[in-house]
Every structure is written in C-alpha cells, then in structure tokens.
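For reference, the structure discussed in these notes is given below.
All values below come from the heavy atoms of this structure, side chains included, with hydrogens, waters and symmetry mates left out. Chain letters run A, B, ... following the sequence lines, proteins first and then strands; every chain starts at 1.
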There are 2 protein chains.
Amino acid sequence: MTNMKDVAQEAGVSLGSVSNYLNEKKIRPDAEERIKNAIKKLHYVRNNAARDLRTNGSSYVVFVLPTVWTPYFSELTFWIQKELDHYGYKAILCLSENEYEQEKGFVDMAEEQRVAGIISVSYSNLTSHVHSDIPLVSIEKEDTGLFPLVSSDNYSGGEIAAAELKKRQADKFLFIGADHISSTAMTARKSGFVDYCNRNGMKYTIDKVPSTHHQEEFDIQIKKIVDNIAGSKYQYRNLGIFSYTDEVALSLYKELLRRNIKIPEEVQIVGFDGWKLSQDQQLSISSIRQPVKDIAVNAVKQLDKRVNRESTQDVPRIMLPVTFLQGDTTKTI
Amino acid sequence: MTNMKDVAQEAGVSLGSVSNYLNEKKIRPDAEERIKNAIKKLHYVRNNAARDLRTNGSSYVVFVLPTVWTPYFSELTFWIQKELDHYGYKAILCLSENEYEQEKGFVDMAEEQRVAGIISVSYSNLTSHVHSDIPLVSIEKEDTGLFPLVSSDNYSGGEIAAAELKKRQADKFLFIGADHISSTAMTARKSGFVDYCNRNGMKYTIDKVPSTHHQEEFDIQIKKIVDNIAGSKYQYRNLGIFSYTDEVALSLYKELLRRNIKIPEEVQIVGFDGWKLSQDQQLSISSIRQPVKDIAVNAVKQLDKRVNRESTQDVPRIMLPVTFLQGDTTKTI
DNA sequence: GTGAAAGCGCTAACAC
DNA sequence: GTGTTAGCGCTTTCAC
C-alpha cells in the first residue's frame, strides 16, 4: 500500500506538505498540482486508522439496539444511519437481542475502538457499564439522568388513543399490555390511556399478553382475549382496544376477523408505533405513530453536541410528540 | 487515556510483556497477576486503532445495501450482523438508497478505513469502482465474475410459483414484473415462471408496475391491473398471479379485496421474498421464501475465506434454494 | 509556506 | 520468557 511518504517523494515535496494538502491547508499552487498528480498516479488513499491514532479522534459511532428486524427498529436504524452519515459519522451496527452480555460486549468494543460515541436503545441499564467518557445518547429508555434521552411522548400517546376511540363512538375500552416487561415506555402508554379514561368517565378493562418470542403462549393468550370479547354477542359492540404495540394489534386483528367480528364496525383497534413496512408502505392498523425520523435526528444531534463538547453540562430529556394514524381498524370520521 | 506503557510501569514489567499478555502469549505467572491488577487499577483498555495500524489489519466490514427499511433487507441485515459478529467482525452499516454516488462514497470510505472487507447488495455495477484489493462479496446482484456471488435461486423460484398455482387449480396465469428495473433477479424469476408455463401448456399474460417509490403512478397501475382482472365477471376465476415481490403482491391483494374479489377462492397470489415482519411474525401473503439467513451465512463465510486468503483463486457463485410459503392468498391443499 | 523530526499506542523482531 | 527498540502512517510542532 502506498503511503504519504511515497506521494511526497513522487511529488518532490515534503511529507508535511502532502499532509497539509490533504487537510485543505494553504499550499503552493504548483506543489498542489504535483501532489494531485502523484496521488492519482500512485492510487494513494489516506489511511484513516493512522490519522485517528495520531489525532486521537474517530468518526465511528456505535449504534446498539435489540434488533433491526422489526418495522419500527428498521425504520429507526434507517434514519440513524442517514443522520450519522450526514454528520460524517460511520455507523457500527450492534444488535443485542436484548441480552445484557451482548450489550456489554458492544460497549467494551466501543471503548477498544475509541469510537466517537454510542447511541443505544437498551432495555437494561446498559449505561451503568459505560466507564469511560464516551458520549452516549439513549433512545426511549434508560432515564438515569446521566445521559441525554430521546423518546416519544408515550403518555400522551395513550391519551390520544383513548380520545380517538371515544371520538369514534367506542363506549367501552380495553388496554392490552405486556406481562413480561415493565418498561417505562409501556407503563407511560398505559397511564396515559387509563388516566384519560378516568378523567372522562370511560369504562375500561386491562389485559396482558406474553412476549411474542414465546409464540405458542402468545397465540393462546390472544385467543383467550378474543374468546372473552366474543363471549357475549352484544357485549363487544363498540369496544375500543388500545394495544401497547402494533405487533399485538395485528395479531388481535387477525384473530378477531377469524371470529367474524367486524372491524372497525363492531370493534376498533389502535396500536402503537405506526409501523411502516417500508418507506412507501404502511400497515393497515390504526396506530399511534412514533416520530421515528425525529427521534433519530435528535439523537444524533445530541450526540454530536457532546462529541464536540458543546453541551456537557445539561442532560436533556427530549420528548417528541406522537400522532394518530388512521388505518383500517378504526372508523373514518 | 492510559496506555500500555502506564500498565507496564505500574506492573513493573516491560511494554512487550504487557503486549504479550494481551495477545495471550506465554507469560510468567506472577507477572501475569501483576499486569492483571495494573489493568484493573488503571482501567486500561487496549487501543485497537493503534493495533490495527501496526498489524495492518482491521476487523471492520462494510455492509452496503439500498436500505434497511424493508422486511427483506431488515432480516438480511439482522443475519449479516449476527454472522459478522460471530466471526469477530464489526459491521459498518451503509445505506445507499440505490444511488451510485452514495455507493461510491461508501467504497472510498472503506478504502480509507482499510476495512477487512465489503459485503454489498448493489444494483449498479459498484464493483467496478473497487480498485484496491479489499475482499468483496456480492449478494443477489453483480455477477461480474470478479467477486463471489451469493444469491437465491430466482429462476427456480419462478418455476415453483407456477407449479404451486397450478397445483391449486389455477388455469390462467399472470406474471407481474417491474417496468423500471431489469435486474437479473427479476428476469430470472420471470423466466422460471414463463418457462414452466410454456413447458406445461399453461396460458399466461405479463404485466408491469412502476417503482413503489412513485406511489401515485404505482397505485394507478395496480388499479388498472385489477380493473382488467375484474373486467369480466367470470374471466378472473381461477386466475393465478405471481408477482416479483411481496410488496407488489400485498398492494394487489388489498386492491382485489376492495373490489370484492375473493382470495384465494377466485384469485390466488404468490409473491416473492417471504417477508417476515419480525422474527416472530410473517405476512399473510403466500410467497416464494428467500433463505435469508443462509444468504447471510454464506456471504460472511465467503468473505472470511478471502480475508484469510484461503481461496483467492476460485470465484464461487452460490445459488441457494427457495421454498414455497403457504399464506392466506393461495388455497390450502 | 515548507521541511525535519517527534510521537500517537501498539506489535514484532531481536538479543539476552 | 523478558526487555529494548524500530516503525506502522499519519499530524503537528518548530525553526527556517
């Protein structure tokens, strides 16, 4: 591999001049010309590893999240990569599958690589493992107060779900949560929903489902819930369901259809996330849409600030507004 | 940041011994103990940038693909990351949005960073831009003969689609392709389908749709196709549709339902890809499923071989078998 | 503005 | 085995 020294020799200038040229500093025009030619002739490519070592810098950012194989995470990853790229960072993708040991491994790796920063969507308290002074920004979880947090406004999402169902003549309500996690996000969604119901005299019940990772148990529980709903022929009319996730909403939707319950005429469903299969295609579930791009934009902006030590004092908590997304599972009004 | 020299000093041994310890070479037991303690005490973390510079090595792999925001690509990315991680590589995620300039930028970056290798899903002839001797493995496209290629067996996928539709009493057939690309993958899917039809005396027609990126034109064309299908009340009975993508199949499915055409009783649809929304959830479209995990496993294995110069001679073309995935859009048999 | 030289943190060769 | 040392490719003084 040819290096700067070779280029300097070929161009008949000194090492320093080549470096200066590469870093866009003032250079004698004729020297510049000769250096340019030398670079082309020798197919020289600057070695960034050496540069980073010398400057003690890095343009890598580690992005840790459970998986990318979900509409929400794949969209988030898309925007995070775009934003990082825009700032000149390179994204190292780290998928933890929610395993703490994996997450720890990624953080250790980040330190060994002397990366510029870490962006994480962790449901454990990953951040407690970050010893060094690597800037970190957390998405959705981990409100330890030590690192900036970027999140959707989950509480207001719950309120909006309740309000939209009410607007559409639902007169009884059902919240479906998870029995396996008690994340702050889920709790906030539930609280928003429940509080709104209470404030407005709306009758509600609460149900829970296991993780979709335990597919069998999950399916059984979905069936059980739908059993209860379908139990009495008239009971379920005007039922409004809010599930803490589009994934659950979708399963519910399919099972209700299978029982010939009419959606949205008889039962309405609102999910959470606002899944889009791709940039051009959204799912048919009505949902509370997370501002995924905004989350990414803010996370990267916060990270960049900290990398450049612009704001090391304040630890912002950024809550982004969510919106109602009309799909096929709620009435049109 | 503390470095190896500090550790050596603290432990009362030489630089080289610390390096040897870190690289798991033989060391005097008591020295080992002292080094261990020194590392802990000083919170020493090895600087991999320096190491890479010295050894002229790297554990980064650049993964270039159009987007991650699609069920297929998100699944592929998931497995690629898992596999790379398994081999000890770190994945640099590069999303090109099919823009050649972006792809070129990523390759340049890869060279500057002296990465170990590149894995690419490129629909342009990216590889022609790779001057250096960085190992590259191509997925799905780019059969230049210069780099290993890993791909689904698209041709046989087309055949299988035709066969499965025939098995289910379809007696006329429709292939839906793209009017905006003429990728080898799409062409192969079509050829497989058409050849099978011809061999078996099956009547077929061919239609085309624009890119879903041009949503309006796309929707119009889908409507037009469905118009034609619905045109005559009896014409469409026992129609079997094979679309080159799940995405298109899904749009078609929705539009046909809107016209009250019964699926799968009257019209059957087979897509391509076998989209799973997530590890636990698949779409309801019947489809030709790509062996996504296998693709990733093989791509990374090939890359690793080339990184280790095990096989620099042969340039393998690996075709992986696809399978039929029964969903709700074909009859059960 | 330019060239010479020091040194970022590490590995690998070498003599002991 | 261990300590010493050269040097990976670059940036950054510092005199000139």
Any sub-3.5 Å donor-acceptor pair from [X]'s side-chain atoms to [Y]'s backbone N or O?
X	Y	answer
Asn3(B)	Lys5(B)	yes
Gln302(B)	Val150(B)	no
Lys82(B)	Leu95(A)	yes
Thr67(A)	Trp69(A)	yes

Next item on the list: Take the C1' atoms of the five end pairs on each side of the helix from dG1(C)-dC16(D) to dC16(C)-dG1(D), get both axes, and report the angle to 10 degrees.
Entry: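 The angle separating the two end axes equals 40°.
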Notebook entry, point to check: Listed by chain and number, what are the ring pair (Phe, Tyr, Trp, His ring centres under 6.0 Å) partners of Tyr60(A), not counting sequence neighbours?
Noted result: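 Result, ring pair (Phe, Tyr, Trp, His ring centres under 6.0 Å) vs Tyr60(A): Tyr60(B).
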Next item on the list: Could you label the plane-to-plane angle of the Phe73(B) and Tyr123(B) rings as parallel, tilted or perpendicular, counting under 30° as parallel and over 60° as perpendicular?
Entry: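 Phe73(B) vs Tyr123(B) ring planes: perpendicular.
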Note to self: Under 4.0 Å, heavy atom to any atom of DNA chain C: which of residues 106-113 of chain B qualify?
What the structure shows: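 Hits under 4.0 Å, by residue number: none.
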Item checked: Steps toward side-chain contact (heavy atoms from CB on, under 4.5 Å) verdict (Ile27(B), Ile35(B)) -> CA-CA 10 Å; Ile27(B) 270 259; Ile35(B) 293 174; 4.3 Å; yes
Next item on the list: Using chain A heavy atoms and a threshold of under 4.0 Å, write down where along DNA chain C the contacts begin and end, 5' to 3'.
Entry: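 On DNA chain C, the outermost contacted nucleotides are dG1(C) to dG9(C).
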Check: Side chains of Ser124(B) and Glu103(B): donor-acceptor distance under 3.5 Å anywhere?
Finding: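 The criterion, which ignores hydrogens and geometry beyond distance, is satisfied for Glu103(B) and Ser124(B).
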Check: Is the shortest side-chain N to carboxylate O distance from Asp30(A) to Arg34(A) below 4.0 Å?
Finding: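 Judged by the 4.0 Å cut-off on N to carboxylate O distance, Asp30(A) and Arg34(A) do form a salt bridge.
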Item checked: Salt bridge flag under 4.0 Å for residues Lys276(B) and Glu75(B) ->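 Not counted as a salt bridge, because no side-chain N and carboxylate O are separated by less than 4.0 Å.
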Margin query: Among residues at least two apart in sequence or on other chains, which ones pass side-chain hydrogen bond (donor to acceptor under 3.5 Å, both in side chains) with His86(A)?
Written below: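 With sequence neighbours excluded, His86(A) shows a side-chain hydrogen bond (donor to acceptor under 3.5 Å, both in side chains) to no residue whatsoever.
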Check: Do other residues, nucleotides or ligands put more than 12 heavy atoms under 6.0 Å from the CG atom of Asp108(B)?
Finding: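 Counting neighbours around CG of Asp108(B), more than 12 heavy atoms of other residues, nucleotides or ligands fall under 6.0 Å, so yes.
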Next item on the list: Report, as a single string ordered 5' to 3', how protein heavy atoms within less than 4.0 Å touch nucleotides 10-16 of chain D: B base, S sugar-phosphate only, - not at all.
Entry: BBB----
